[in-house]
Amino acid sequence: MNGFASASFPHIVRRISFAASVALLACALPLHAASWTKSTASRPVIPAPLRNAINQTLGTDHWVEFQQTTQASTGFTPEFGVSVALHGTTAMVGAQQQKVGDNEDQGAVFVYQESGGVWTMTQEIVASDGLAGDTFGNAVVFEGDTALIGAYAAMIGDNFSQGAAYVFTLQDGVWTQTQKLVAPDGQMFENFGYSLGLSGTTALIGADAAQVGANSFQGAVYVFDGSSGTWTNTQKLSASDGGIGDIFGYSIAFDGTTAVIGAYANNQYQGAAY
């Protein structure tokens with residue numbers, strides 16, 4: 001079946017028990033996340049002498065790693081780096097499984113500032129109403145003094161994984177939450193906030209598992225306008241030829257008056273971009 005699999009995936013449900021997920025998701029879910037169980041296998045590291053030899057061979061006109069940063073977690077591994085954004089000397093790094101207080105997998109975003117060639121963490125951003133399993137920080141985008149942070153697994157009302165996107169504004173050097181965005185017609189397991197795009201006062205927010213008409217998991221992208229100072233939904237985008245399980249809205253890029261939206265599961269996983 002197009003866009004379906006017989007297993008349950010924590011991309012859709014992170015908080016509910018395995019038994020509950022089987023009951024709720026007996027129909028299949030989109031194949032767009034591997035199991036969140038962490039592997040303990042070590043990752044290969046380039047030995048310093050080899051790295052130096054590569055650098056000497058390539059010369060100076062190439063990209064060279066000069067710093068690695070991470071954050072420790074007292075809970076499960078936080079998936080630090082699941083999302084990243086960069087503007088000038090400010091960087092934001094998402095850790096969607098960061099433990100916040102007693103909440104496992106609530107998620108956080110770490111802000112870094114560069115000075116003198118060194119990046120230093122200056123703030124940890126969390127949602128004011130965050131809950132366990134929200135995956136806050138799965139997607140991050142910022143421009144100027146406005147940042148959008150996705151929490152695709154957030155529960156809205158009684159809807160598991162309906163999802164949300166949080167607006168943060170830079171005020172006196174501190175990123176402060178100013179609004180929480182949700183889909184006006186949101187349903188359970190839509191993954192609103194799984195992908196984000198921001199340009200000026202226009203935001204695009206992907207809900208890659210949204211139902212469109214009778215098509216489960218077709219996916220949609222919501223347009224929000226913030227020109228009035230308050231972000232308001234103005235349009236819902238979907239593919240004109242969308243089908244069941246397309247996962248439209250899995251990725252977003254836009255600039256000015258042109259947007260590109262990915263639907264990687266379209267046509268039996270051949271994929272398409274609109």
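Note that the coordinates shown come from a computational prediction; the quantities given were computed from them, not determined experimentally.
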Shortest non-hydrogen contact from [X] to [Y]?
{"X": "A183", "Y": "Q162", "answer": "O-NE2, 3.8 Å"}
{"X": "Q123", "Y": "W175", "answer": "NE2-O, 2.8 Å"}
{"X": "A164", "Y": "I156", "answer": "CB-CD1, 4.2 Å"}
{"X": "G219", "Y": "V212", "answer": "O-CG2, 3.5 Å"}
{"X": "V126", "Y": "V100", "answer": "CG1-CG2, 3.9 Å"}
{"X": "G226", "Y": "W231", "answer": "N-CE3, 3.4 Å"}

What distance separates [X] [atom1] from [Y] [atom2], expressed to the nearest 0.5 Å?
{"X": "E124", "Y": "F110", "atom1": "CD", "atom2": "CZ", "value": "4.0 Å"}
{"X": "M155", "Y": "D129", "atom1": "CE", "atom2": "CG", "value": "12.5 Å"}
{"X": "Q218", "Y": "D208", "atom1": "CD", "atom2": "CG", "value": "12.0 Å"}
{"X": "I205", "Y": "N233", "atom1": "CD1", "atom2": "CG", "value": "8.5 Å"}
{"X": "D255", "Y": "T202", "atom1": "CG", "atom2": "OG1", "value": "11.5 Å"}
{"X": "S251", "Y": "L196", "atom1": "OG", "atom2": "CG", "value": "12.0 Å"}

I'd like to check [X] versus [Y] (side-chain heavy atoms, cut-off strictly below 4.5 Å). Are they in contact?
{"X": "V109", "Y": "F142", "value": "no"}
{"X": "V221", "Y": "F248", "value": "yes"}
{"X": "D185", "Y": "Y222", "value": "yes"}
{"X": "N138", "Y": "S83", "value": "no"}
{"X": "Y264", "Y": "Y269", "value": "yes"}
{"X": "I244", "Y": "F217", "value": "no"}

Do [X] and [Y] sit in the same hydrophobic cluster, where Ile, Leu, Val, Met, Phe, Trp and Tyr count as joined when their side-chain heavy atoms come under 4.5 Å apart?
{"X": "V167", "Y": "F224", "answer": "yes"}
{"X": "V111", "Y": "F136", "answer": "yes"}
{"X": "F254", "Y": "V223", "answer": "yes"}
{"X": "V140", "Y": "I125", "answer": "yes"}
{"X": "F192", "Y": "I252", "answer": "no"}

Any donor and acceptor pair, going by atom type alone, linking the side chain of [X] with main-chain N or O of [Y] inside 3.5 Å?
{"X": "S238", "Y": "A220", "answer": "no"}
{"X": "Q98", "Y": "A108", "answer": "no"}
{"X": "Q211", "Y": "G213", "answer": "yes"}

Take V93 and V84 through the side chain to side chain contact (heavy atoms under 4.5 Å, CB included) test and state the conclusion after the steps. CA-CA 5 Å; V93 183; V84 292; 4.3 Å; yes

Any chance the side chains of T90 and Q113 put a donor and an acceptor closer than 3.5 Å? yes

Answer yes or no: are there more than 12 heavy-atom neighbours, outside D145 itself, under 6.0 Å from its atom CG? yes

Per ring-ring contact (aromatic ring centres under 6.0 Å, His included), Y152 is matched among Y250, F160, Y194 by Y194

Decide side chain to side chain contact (heavy atoms under 4.5 Å, CB included) for V182 and E190; before the verdict, give the C-alpha distance in whole Å, the side-chain angles of both, and the deciding distance to 0.1 Å. CA-CA 11 Å; V182 297; E190 284 199 344; over 6 Å; no

Apply side chain to side chain contact (heavy atoms under 4.5 Å, CB included) to the pair D225 and T232, showing each step before the final yes or no. CA-CA 5 Å; D225 176 73; T232 305; 5.6 Å; no

